[in-house]
2 protein chains.
Amino acid sequence: MKVSVSKEDHLKAIFHLQQEHGTVTTNALAASLGTRAASVTDMLKKLKEQKLVNYERYKGFKLNNEGKKAAVQIIRKHRLWEYFLVKKLQFGWDEVHEIAEELEHISSRKLIDRLDAFLGHPDTDPHGDPIPDSQGRLQVRRQVSLAELPLNKPAQVSGIASQTSEMLELLQYNHIRLGTRLEIRKKFPFDHSLEVKVRNRPPVTLSAQVAKNVLVTDDEPPTEKR
Amino acid sequence: MKVSVSKEDHLKAIFHLQQEHGTVTTNALAASLGTRAASVTDMLKKLKEQKLVNYERYKGFKLNNEGKKAAVQIIRKHRLWEYFLVKKLQFGWDEVHEIAEELEHISSRKLIDRLDAFLGHPDTDPHGDPIPDSQGRLQVRRQVSLAELPLNKPAQVSGIASQTSEMLELLQYNHIRLGTRLEIRKKFPFDHSLEVKVRNRPPVTLSAQVAKNVLVTDDEPPTEKR
DNA sequence: TTTTAATTTTAGATTTGTCTAAAATTAATT
DNA sequence: AATTAATTTTAGACAAATCTAAAATTAAAA
Ligand SMILES: [Mn+2]
Ligand SMILES: [Mn+2]
Ligand SMILES: [Mn+2]
Ligand SMILES: [Mn+2]
């Protein structure tokens with residue numbers, strides 16, 4: 001049986017959801033895909049049949065090893081294409097997601113390995129997310145949300161949790177990009193907003209909602225070559 | 001109504017067929033797509049509904065202006081991606097067709113215009129076929145089949161009519177590529193095979209079937225920059 | 001100009017992916 | 001523990017793209 005575009009999108013979404021919550025629920029997956037619970041149930045039966053997912057009705061579900069492998073390959077393609085679009089075709093980091101959502105379904109394995117080599121084996125995508133290598137190994141990151149960063153502790157932006165283009169546009173406007181070095185100057189308990197200082201720039205204020213979605217590491221470059 | 005992948009493949013195939021025969025027949029299209037006549041009829045009704053094709057039942061059909069415009073855009077994408085695969089990712093010209101068959105359906109207009117610029121606005125693809133420009137203008141070529149080339153007249157390979165990978169592999173083996181300068185040394189009336197001479201190489205013999213599918217121009221580069 | 005052959009279309013099925021509404025199950029509250 | 005609420009699944013429907021087999025139409029041959 002074939003793994004269609006829709007199945008690939010389901011696998012990828014399950015993978016991301018189970019990263020956070022271990023096991024995934026029908027409603028959560030439907031929400032994440034912009035579809036309905038009934039449709040998710042239908043699809044799960046097919047994915048179970050194909051032995052990509054462990055699923056018992058009413059009990060929630062998660063990818064098995066095969067499913068995880070498949071999902072990681074799709075994520076690899078998504079992120080490599082995003083990198084290509086930004087680095088080679090001059091797209092902004094807030095414009096690439098939709099296009100990669102289509103490109104990730106191109107099937108040729110050789111294509112993606114050649115693309116990887118052409119790009120110099122990058123290890124993070126334009127949003128700071130790690131790119132799985134050709135064996136599907138995905139490096140783990142130790143990063144915290146900016147909301148949890150202690151006052152005056154230098155850190156470096158290494159990822160963005162909520163990657164809507166509205167969010168990315170807001171960050172762009174405030175000159176916060178991947179790799180930006182910053183520290184928190186002040187925390188306002190009233191609304192949990194923060195004043196953040198970037199070198200050579202006037203301080204900017206970020207809402208708690210924004211801060212929660214900016215991920216930082218202890219001032220260390222997020223990209224190290226292999 | 002949406003233009004699906006399958007509809008795009010139909011439009012493209014109709015375009016190519018009508019180049020040759022003016023009007024297209026149900027069976028011809030089915031053969032060209034590896035599908036059945038009944039399926040073609042079904043699809044034609046949808047394409048007519050969408051006003052992309054002029055179709056009266058039992059009378060044959062052809063693309064109207066809208067349909068032609070759509071088809072040319074798909075061809076543009078197909079050929080630009082082929083160029084990218086060969087020139088940037090080091091694929092052989094006989095390996096790229098299947099992959100481009102998928103890539104041509106990626107929808108972003110901005111992507112394809114950026115890709116075009118990134119590649120330096122090439123005007124022919126790796127098989128010598130012209131790449132439509134961003135306005136959809138497609139240059140016409142004056143080329144003849146190698147089978148019709150007069151004896152001892154220098155010419156240059158500018159296109160391949162039958163682009164199966166078997167054909168491309170055979171040409172590769174005989175050191176015949178796009179742009180190769182050659183002339184015919186001898187014609188064998190018995191089977192219409194030809195002896196062809198390429199500079200600095202021993203002469204090679206080509207069957208009539210191959211010769212018919214190798215297109216040449218009067219020894220003039222096929223690619224001229226705009 | 002009949003008759004026969006080829007082509008094209010219709011009728012009716014099937015598969016895939018989706019939906020809504022109703023039923024079944026599980027979870028949360030009195 | 002009984003009732004209510006939320007979640008999940010099933011039942012039944014629909015659109016898209018395909019198929020086979022039969023009917024309609026057109027073209028070719030006798
Ligand atoms: Mn996708
Ligand atoms: Mn990304
Ligand atoms: Mn295609
Ligand atoms: Mn080509």
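Throughout, a chain's letter reflects where its sequence line sits, starting with A, and its residues are numbered from 1. These values consider heavy atoms only, across backbone and side chains, with no hydrogens, waters or symmetry-generated copies.
- For the pair Thr26(B) and dT9(C), the criterion of a side-chain N or O lying under 4.0 Å from OP1 or OP2 is met.
- The neighbour count for Glu56(B) CD, taken as heavy atoms of other residues, nucleotides or ligands under 6.0 Å away, does not exceed 12.
- For Tyr55(B) and dT8(C), the shortest distance from a side-chain N or O to OP1 or OP2 is not below 4.0 Å.
- Panel note: side chain Lys69(A), backbone Gly136(A); no donor-acceptor pair is recorded below 3.5 Å.
- To the nearest angstrom, P of dT7(D) lies 14 Å from NE2 of His21(A).
- Counting to the nearest Å, the C1' atom of dT9(D) and the CD atom of Glu56(A) are 14 Å from each other.
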Counting only pairs under 3.5 Å, give me each side-chain donor-acceptor contact of residues 8-32 of chain A, with atom names and distances, residues two or more places apart or in other chains.
unit_1: Glu8(A); atom_1: OE1; unit_2: His105(A); atom_2: ND1; d: 2.7
unit_1: Asp9(A); atom_1: OD1; unit_2: His105(A); atom_2: NE2; d: 3.0
unit_1: His10(A); atom_1: ND1; unit_2: Ser6(A); atom_2: O; d: 2.8
unit_1: Lys12(A); atom_1: NZ; unit_2: Glu101(A); atom_2: OE1; d: 3.2
unit_1: Lys12(A); atom_1: NZ; unit_2: Glu101(A); atom_2: OE2; d: 2.9
unit_1: Lys12(A); atom_1: NZ; unit_2: Glu104(A); atom_2: OE1; d: 3.1
unit_1: Lys12(A); atom_1: NZ; unit_2: Glu104(A); atom_2: OE2; d: 3.3
unit_1: Gln18(A); atom_1: OE1; unit_2: Leu63(A); atom_2: N; d: 2.9
unit_1: His21(A); atom_1: ND1; unit_2: Leu17(A); atom_2: O; d: 3.4
unit_1: Thr23(A); atom_1: OG1; unit_2: Phe61(A); atom_2: O; d: 3.3
unit_1: Thr25(A); atom_1: OG1; unit_2: Asn27(A); atom_2: N; d: 3.3

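- No engagement by Phe61(B) is indicated, since no non-hydrogen atom pair under 4.0 Å with the nucleic acid exists.
- Residue Thr25(B) places no side-chain N or O under 4.0 Å from the OP1 or OP2 atom of dT7(C).
- A heavy atom lying under 4.0 Å from DNA chain D marks the following residues of residues 31-50 of chain B, by number: Thr35(B), Arg36(B), Ala38(B), Ser39(B), Asp42(B), Met43(B), Lys46(B).
- Listed by residue number, His10(A) are the residues of residues 8-20 of chain A with a heavy-atom contact under 4.0 Å to DNA chain C.
- Considering only side-chain N and O atoms, Asn27(B) lies under 4.0 angstrom from the phosphate OP1 or OP2 of dT8(C).
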**OP:** Just do the side chain to side chain contact (heavy atoms under 4.5 Å, CB included) check on Arg76(B) and Asp116(B) with the steps written out, would you?
**Re:** CA-CA 9 Å; Arg76(B) 171 172 156 81; Asp116(B) 187 27; 3.4 Å; yes
**OP:** Summarise how protein sits on nucleotides 24-29 of chain C as a single string, 5' to 3': B when a protein heavy atom is under 4.0 Å from the base, S for sugar-phosphate-only contact, - for no contact.
**Re:** BSS---
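- Looking only at distances, no side-chain donor or acceptor of Arg79(B) sits under 3.5 Å from a matching main-chain atom of Pro132(B).
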Which side-chain N or O atoms in residues 42-52 of chain A pair as donor and acceptor under 3.5 Å with protein atoms at least two apart or in another chain?
unit_1: Lys48(A); atom_1: NZ; unit_2: Tyr55(A); atom_2: O; d: 3.0

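- Which of dT8(C), dG17(C), dT7(D) sits closest to the side chain of Ser4(A) comes down to dG17(C).
- In this structure a side-chain-to-backbone donor-acceptor pair under 3.5 Å is present from Asp191(A) to Ser193(A).
- Under the ring-ring contact (aromatic ring centres under 6.0 Å, His included) criterion, His127(A) pairs with no residue at all, not counting sequence neighbours.
- Under the 3.5 Å distance criterion, the side-chain polar atoms of Lys88(A) are left unmatched by any main-chain donor or acceptor of Phe118(B).
- The backbone N or O of Ile176(A) lies less than 3.5 Å from no partner atom in the side chain of Asn174(A), so there is not a single donor-acceptor pair.
- In this model, a donor atom of one side chain and an acceptor atom of the other lie less than 3.5 Å apart for Gln172(A) and Trp93(A).
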